[in-house]
Amino acid sequence: MNQDKAPIYEALESFRRMRVVPFDVPGHKHGRGNPELVKLLGEKCVGIDVNSMKPLDNLCHPVSVIREAEELAAEAFHAEHAFLMVGGTTSAVQAMVLSCCKKNDKIILPRNVHRSVINALVLCGAIPVYVNPDTDVSLGISLGMKVSQVEQAIRQNPDAVAVLVNNPTYYGICSDLCTIVKLAHEHGMKVLADEAHGTHFYFGENMPVSAMDAGADMASVSMHKSGGSLTQSSFLLCGKDMHEGHVRQIINLTQTTSGSYLLLSSLDISRRNLALRGKESFARVAELADYARDEINKIGGYYAFSKELINGNSIFDFDRTKLSVHTLEIGLAGIEVYDILRDEYDIQIEFGDIGNILAYLSIGDRRQEVERLVSALADLKRCYQKDKTGMLTQEYVEPHVVTSPQESFYAEKEAVPIRESEGRVCSEFVMCYPPGIPILAPGEMISKEIIEYILYAKEKGCSMTGPEDGRIENLNVLKHIKTGH
């Protein structure tokens, strides 16, 4: 196919020139009814914020320009089919799980998944079989899934229907995806890949293997993260053994019937950009990240880690574009460095957690901004460094699953003070966002270690989300199940 084409964008441009009189939604009528919106976004932007119509196709049942955009994306991403998603990668991840799992089906997955995966289990009633990843004790982060761990989970749960893999993790760590795919397929299981942070794997050179190239059955790709499209726009990719019509039905269960053409056209244009220029663009990103790591490590106290961590197993490969930096040696939690960079240096990084920060580098970054970040980190260390005694180091707390996410989410519950919740079964999520990996998920026992972690994260200033109590002072727990301590 001709990757120079952008059929949705081209159809919108043609529509704009026609000066059609709108007696349909949206109600702002090309911005005339909302001048403040026009002032904020511009006439061209609101002028193409339109509803589905014959010349522009329909996202729920595409037959023309959206269909062509899907086919172009499938070719660019080496997939059998691609779906344009306007509900973020959350909706793509949920569509993957719902396409393969129904109530009481088992799915094998690492516990350090995004909340969208467990949300999907709440919706469909599938049962998680967690592979608890190893952790790097010095960095305090969870790693990838070992092949031996996946093999053990498959042998113990031969009735599981799917294996889900992070490719890569937020920190840039990859599992041995090709071997996991081969193993799962030998046992009749589908392989689903959460590639929220791996768009560039499809276009860059010397990158970890992409899910489609590894033979995975489905992959969720956050085009808006490293691919340059508008926030909330993503792709859902399918391999040859997935039925396109069934997957579209699943997507249409939850995805809007009013797909934003701003998001759709951004996917179309960004796919074209990466197909034509992605190789060169991501080579520059990787080079920039390597430069930043070298400069940050020269400061001392920080550790910007990379491919030296690779061990061929739990860290099978590493995404060089991820600028992950360990901060505890300067006596500051990652979230403290995050806050200082934003408040004192006007630098917004992706996230900070208990021990690390992530500065997200992609196609829009330039060397001068990276140099500003490096200078700020050097100055920050000089001005704010403290003794690290007493700092919490562990990011991952192994869960004890008592009931399924769906059963516990909908069960009779009661609110208890978090300090009094030890030994109870949680019925809601608790997480720092970003990265959105649950500390607690519905159906898991609350331990003393987890309580201490939550309170510590709150004290350090992590943005906590999930519980019904927005102040995170109480947790909802199952009313009739107590596990003991």
Side-chain angles (χ1 to χ4, degrees), residues 1 3 7-8 57-63 66-102 105 107-109 113-114 116-117 120 123-124 126 160-167 177-178 180-182 184-185 188-199 201-203 209-224 227 229 233-255 259 263-264 267-268 270-271 274-275:
M1 298 186 72
Q3 290 291 333
I8 299 174
D57 211 354
N58 187 299
L59 182 60
C60 296
H61 187 79
V63 295
I66 294 178
R67 179 75 185 186
E68 187 180 354
E70 289 180 344
E71 292 168 353
L72 284 161
E75 182 184 76
F77 284 89
H78 317 156
E80 190 73 17
H81 196 80
F83 298 89
L84 279 63
M85 307 296 292
V86 295
T89 309
T90 287
S91 65
V93 166
Q94 291 174 349
M96 285 198 309
V97 175
L98 296 176
S99 293
C100 297
C101 301
K102 60 184 183 300
D105 281 345
I107 178 171
I108 296 167
L109 66 163
V113 291
H114 189 265
S116 58
V117 178
L123 292 174
C124 71
V161 299
V163 178
L164 186 141
V165 186
N166 294 323
N167 194 52
L177 188 56
C178 290
I180 290 172
V181 168
K182 183 174 183 292
H185 285 174
M189 301 177 190
K190 301 293 187 188
V191 177
L192 316 177
D194 181 349
E195 284 190 310
H197 303 282
T199 304
F201 290 1
Y202 291 90
F203 302 97
V209 68
S210 69
M212 289 294 102
D213 288 341
D217 297 284
M218 303 183 81
S220 302
V221 177
S222 275
M223 193 65 165
H224 68 94
S229 66
S233 58
S234 297
F235 284 117
L236 175 60
L237 309 177
C238 292
K240 58 183 174 58
D241 292 328
M242 297 302 301
H243 189 276
E244 176 200 333
H246 172 67
V247 174
R248 196 180 300 280
Q249 284 185 323
I250 295 295
I251 291 170
N252 286 342
L253 288 175
T254 56
Q255 181 158 264
L263 299 181
L264 294 173
L267 282 170
D268 201 21
S270 299
R271 180 269 315 152
L274 296 189

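No hydrogens, no waters, no symmetry mates; every other heavy atom, side chains included, goes into these values.
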Which atom names give the shortest non-hydrogen contact between [X] and [Y], and what distance separates them?
X: Leu59; Y: Gly259; result: CD2-CA, 4.1 Å
X: Cys238; Y: Met218; result: SG-CE, 3.8 Å
X: Asp217; Y: His185; result: OD2-NE2, 2.8 Å
X: Phe203; Y: Ala76; result: CE2-O, 3.9 Å
X: Val181; Y: Ala214; result: CG1-O, 3.5 Å
X: Pro62; Y: Asp57; result: CA-OD1, 3.3 Å

Do the side chain of [X] and the main chain of [Y] share a donor and acceptor less than 3.5 angstrom apart?
X: Glu80; Y: Ala74; result: no
X: Asn58; Y: Val63; result: no
X: Thr199; Y: Ser222; result: yes
X: Arg271; Y: Gly227; result: no

Nearest 0.5 Å, please: how far is [atom2] in [Y] from [atom1] in [X]?
X: Met85; Y: Leu237; atom1: CE; atom2: CG; value: 10.5 Å
X: Glu195; Y: Met212; atom1: CD; atom2: CE; value: 7.0 Å
X: Ser91; Y: Leu236; atom1: OG; atom2: CG; value: 8.5 Å
X: Ser99; Y: Lys190; atom1: OG; atom2: NZ; value: 10.5 Å
X: Cys124; Y: Ile250; atom1: SG; atom2: CD1; value: 9.5 Å
X: Met223; Y: Ser270; atom1: CE; atom2: OG; value: 5.0 Å

Audit row: Cys178, Val209, side-chain contact (heavy atoms from CB on, under 4.5 Å) steps and yes/no: CA-CA 8 Å; Cys178 290; Val209 68; 4.1 Å; yes
Those residues that, when tested against [X], pass side chain to side chain donor-acceptor pair (under 3.5 Å) (two or more places apart):
X: Ser234; answer: Thr89
X: Glu70; answer: His81, Arg248
X: His246; answer: none
X: His61; answer: none

Counterpart residues, ring-ring contact (aromatic ring centres under 6.0 Å, His included), relative to Phe235 (two or more places apart): Phe77
Which is it for Tyr202 and Leu274 under the side-chain contact (heavy atoms from CB on, under 4.5 Å) test, yes or no, and what are the steps along the way? CA-CA 9 Å; Tyr202 291 90; Leu274 296 189; over 6 Å; no
Using the side-chain contact (heavy atoms from CB on, under 4.5 Å) rule, take Gln255 and Phe83 through it: C-alpha gap first, then chi angles, then the decisive distance, then the call. CA-CA 11 Å; Gln255 181 158 264; Phe83 298 89; over 6 Å; no
Show me the pairs that pass salt bridge (Lys or Arg N to Asp or Glu O under 4.0 Å) and involve residues 83-102, at least two apart or across chains. Lys102-Asp105
Suppose we screen for side-chain contact (heavy atoms from CB on, under 4.5 Å). Which residues come up paired with Ser116, at least two apart in sequence or across chains? Thr90, Val93, Gln94, His114
Residues two or more places apart in sequence or in another chain: which of them pass side-chain contact (heavy atoms from CB on, under 4.5 Å) with Ala69? Pro7, Ile8, Leu84, Asp268
Salt bridge present between Glu244 and Arg67 (N-O < 4.0 angstrom): yes
Taken in chain and number order and not counting sequence neighbours, the residues that satisfy salt bridge (Lys or Arg N to Asp or Glu O under 4.0 Å) with Lys240 are none
Let's go through Leu192 and Ile107 carefully: what are the C-alpha distance in whole Å and the side-chain angles of both, what is the deciding distance for side-chain contact (heavy atoms from CB on, under 4.5 Å) to 0.1 Å, and is it a yes or a no? CA-CA 10 Å; Leu192 316 177; Ile107 178 171; 4.2 Å; yes
